[in-house]
Amino acid sequence: MFKNKKNYAAESPKLSDNVNKEINKEIGFKDLKLSKPVMQAIADAGYENPTPVQAKAIPAVLSGSDLLAGAQTGTGKTAAFTLPILHLLAEKPAAVSRSGRPRCLVLAPTRELAAQVEESVKTYGKYLPLKSTAVFGGMSIVPQIKALRRNVDILVATPGRLLDHVGQKTVDLSGVEIFVLDEADRMLDMGFIVDIKKIIALLPKQRQNLLFSATFSEKIKTLSASVLHNPVFVEGAKRNAASELVDQSVHLVSQRLKSHLLSHLIKHHKWKQVLIFTRTKNGANRLADKLAADGISASAIHGNKSQPARIKALAQFKDGSVTALVATDVASRGIDIDRLPHVVNFELPNAAEDYVHRIGRTGRAGSSGKAISLVDKEELRYLKEIERFIKREIPKVLFDSFVPPANMPAAEPRNPLPQRQGSRKIYGERTSAAAGSRNYPPRHGYAKKQNNSKGNIAKSKVR
Ligand code: AMP
């Protein structure tokens, strides 16, 4: 039916390397209790083990629960909902079978994704008598109308074109048993919220809802709260997803002011638990001492500390008796604290992957983790690399209530480098206007977010 479907399918992403590494070989597909025809299709696809999001989502969907899944493209998310849906629909034949009346509706933001998802439905459902079709804009509606005249069990659609079909009465959504919102965040970014609400109003009240999103903004939380009932929450590959789930920001601040700003942030926000990364072991020691001198309980862990000292520091950090744990990358590897609220990059790592790894310590399980990076102008090139790697710009934040201590030595004159990055000020750097005096941010409101662009590469909006 879709002549150019192959082109869309050709764009199908590969399972990302991160996900490959995270596949837990102890959970096999056979443990997920999927029916034989589905298992056969999985074997044909050459999948050996479920990806993390599949291992968690499939049992939840099979149990009939609503699902909130944090997963990006490349995590195997499509199979995570398609496989159990095929199982469920095949197991329980339709009460009423009528043409143009799907039992499962998958909404996707773009035609490319809709085509890919329907391709997956066909691939994984090839040994089942279930029928699927996809409707999306950018092509004639006539062949879609013809396809909807036949029995359709699974309909994959972009919101606008689906509403066109609703308007033409070529689709009847009153029989939808399972409703999937795929890449819900992207749908909201593309302005589909009104269309989504219209579509939801046409669905029967009694249904299973699955929502997949790479990010968990307030808007997504509001949408999930209105659509989902007691959802099971699952998360895909954490390291890959981390950069999307965490509320990230950057304070542009000169190196010599960083410890002062950090103490101020901890005290001002009354942070109870913050993991701080430094580049060097000495730097970690110095910073922990400085924070302690500022009245903040702090310890350092790094390779030069004995194992018992590291265990003790970690235990104190976990039980809340130590507020700030200062760590180097290597020492931090064993740290696994659920729902860690704050991560601070006292210095940016040279490798962008380390940044993702560091900030992945927070924002887990959809909790609102914050990752703040203190960035000196010498580190701006690392920041650029990181932003390129995570494919989004990190908002630059001014923290106006911060006033550096009066006894600070004047900034050392340096080679002329930009004092302003666009509209961003760098704390503690001289400006030509203020040469000879220190340049601190102006007092106009607190923590002003700038450049809050998402950087998501939105594909064509379709109707
Ligand atoms: P998705 O995140 O759904 O876009 O899937 C990304 C890619 O991973 C697709 O090309 C799938 O064919 C592939 N894939 C999905 N599940 C598995 C698995 N369990 N093992 C290997 N590859 C998979």
Side-chain angles (χ1 to χ4, degrees), residues 5-35 37-62 67-87 104 106-127 132 134 136 154 156-158 178 180-187 210-215 234-245 391 456-459:
K5 190 161 68 183
K6 282 233 150 30
N7 298 340
Y8 293 133
E11 290 175 17
S12 176
K14 292 273 169 301
L15 198 62
S16 83
D17 283 348
N18 268 345
V19 178
N20 254 330
K21 277 182 223 143
E22 294 214 13
I23 286 187
N24 177 352
K25 303 237 159 51
E26 279 159 30
I27 301 174
F29 275 110
K30 64 177 179 347
D31 301 312
L32 300 178
K33 313 246 177 320
L34 290 161
S35 63
V38 177
M39 289 296 280
Q40 186 56 48
I42 293 169
D44 289 359
Y47 303 166
E48 288 173 8
N49 294 89
T51 66
V53 72
Q54 290 164 1
K56 292 175 220 159
I58 291 172
V61 179
L62 289 179
L67 180 80
L68 176 59
Q72 293 171 311
T73 296
T75 57
K77 69 175 169 64
T78 313
F81 62 82
T82 309
L83 297 173
I85 287 174
L86 287 164
H87 172 111
C104 170
V106 181
L107 281 189
T110 63
R111 63 186 78 168
E112 292 85 356
L113 186 62
Q116 266 173 38
V117 170
E118 206 248 336
E119 182 93 349
S120 297
V121 170
K122 285 211 167 22
T123 305
Y124 305 136
K126 64 180 175 181
Y127 297 114
S132 65
F136 45 78
I154 300 171
V156 188
T158 52
I178 307 173
V180 184
L181 271 170
D182 195 11
E183 302 202 357
D185 49 348
R186 189 123 74 103
M187 270 197 271
L210 319 177
L211 188 149
F212 286 75
S213 183
T215 57
V234 304
E235 221 177 333
K238 286 173 186 161
R239 287 177 63 178
N240 211 25
S243 61
E244 303 287 338
L245 294 168
K391 296 192 177 67
N456 282 344
I457 304 152
K459 289 196 182 155

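It should be emphasised that the depicted structure is a prediction, and the values quoted were computed from it without experimental measurement. Order of listing sets the numbers, starting from 1, for every ligand and every atom in it.
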Using distance alone, decide if ligand 1 has a nitrogen or oxygen within less than 3.5 Å of any nitrogen or oxygen in Thr75.
-> yes
Ala79-ligand 1 polar pair, N/O distance under 3.5 Å | no
Taking the minimum heavy-atom distance to atom 15 (C) of ligand 1, which of Glu119, Gln54, Gln116 ranks first?
-> Gln54
So [Y] and [X], do their side chains get closer than 4.5 Å, heavy atoms only?
X: Ile154; Y: Leu86; result: yes
X: Phe81; Y: Leu67; result: no
X: Thr158; Y: Pro109; result: no
X: Gln54; Y: Asn49; result: no
X: Glu183; Y: Leu113; result: yes

Side chain Asp185, main chain Ser213, donor-acceptor under 3.5 Å = no
Would you check whether Asn49 reaches within less than 4.0 Å of ligand 1, judged by its heavy atoms?
-> yes
Any idea which part of Phe212 is under 4.0 Å from ligand 1, heavy-atom wise: side chain, backbone, both or neither?
-> neither
Which atoms from ligand 1 have a heavy atom of Phe29 less than 4.0 Å away?
-> 19 (N)
Under 4.0 Å from one or more heavy atoms of Thr78, ligand 1 contributes atoms 1 (P), 3 (O), 4 (O)
